[in-house]
Amino acid sequence: MSGPRIPILMYHQIDAAPPKGTPLRGLVVSPGTFSRHMRLLHFLGYKGLSMSALMPYLRGEKSGKVFGITFDDGYENNFHSALPVLRRLRFSATCYAVAARLGQSNSWDIEEGIGQVALMDAGQLQAWIDAGQEVGSHTSHHVDLTACDPQNLESEIAGSRRLLEALLHQPGGVQHFCYPYGRFDAASLDQTIQAAYASATTTQRGRVPVPVQDGAFTLPRVLVSRSTTWVHLLLKCFTDYEDRRGVQG
Ligand SMILES: [Zn+2]
């Protein structure tokens, strides 16, 4: 396939580098790097969009120079370090929050020895929304959905949406979902569709072939890490560099 493809960028934390040797250190992008990435794409005439704003482009109903911006887990440092940049450039982004962990920390990572970092609380997520950004769901407890029984699947996928919608005032509600660890199977995919989300993102590498049809629930993304230089970013966004890496053998 060689039709148009749209990149959806995947960020996690935007913060100063943790000490060398810290697990998942690569997923912490410095505020300066994030700002340079966004200003570069803006300079090239591209507009960064939240999943709701991007959907018409992914469906092929609109065309233009756009890309998606997503943040996984809902770290507080997104609020302090990414939001000012997004506002200045009039970009929007979707932050996937862990519904039962708001205002807490990434406790799901403790067993892996990963440092604990504050997550946005409901007030900050509301301020994020009020500043033109979007909140999506990343389940209730950041679980591996492929290891859930049917009842847990319902509470993690549909239940997280109900929880977020009860806490936040977001026009249109919570419409977008992201699989923790990028893990999903037939049952979790089916549950996500049943829960009436409009899209779901994975960690599979690549840009989205347009128009998406059934693929709106298995969207690939472009990982941006600490070591992603601006040259890499351009390669990932505007060439088939990332798409080729997303093809599993
Ligand atoms: Zn996550």
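Note that this is a predicted model, so its numbers are computed, not measured. One-based numbering, in listed order, for ligands and for the atoms of each. Computation of the quantities below employed the complete heavy-atom set of this structure, encompassing side-chain atoms and omitting hydrogens, waters and symmetry-equivalent molecules.
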Tell me yes or no: between the side chains of H37 and Y11, is some donor less than 3.5 Å from an acceptor?
-> yes

Do we see a donor-acceptor contact under 3.5 Å between the side chains of D73 and Y75?
-> yes

Atom name of the N, O or S atom in D73 that lies nearest to the Zn ion (ligand 1) | OD1

So which N/O/S atom does H138 have closest to the Zn ion (ligand 1)?
-> NE2

Any donor-acceptor N or O pair under 3.5 Å, side chains T146, Y181 = no

What N/O/S atom of H142 gets nearest to the Zn ion (ligand 1)?
-> NE2

Compute the ring centroids of F91 and F67, then answer whether they are less than 6.0 Å apart.
-> yes

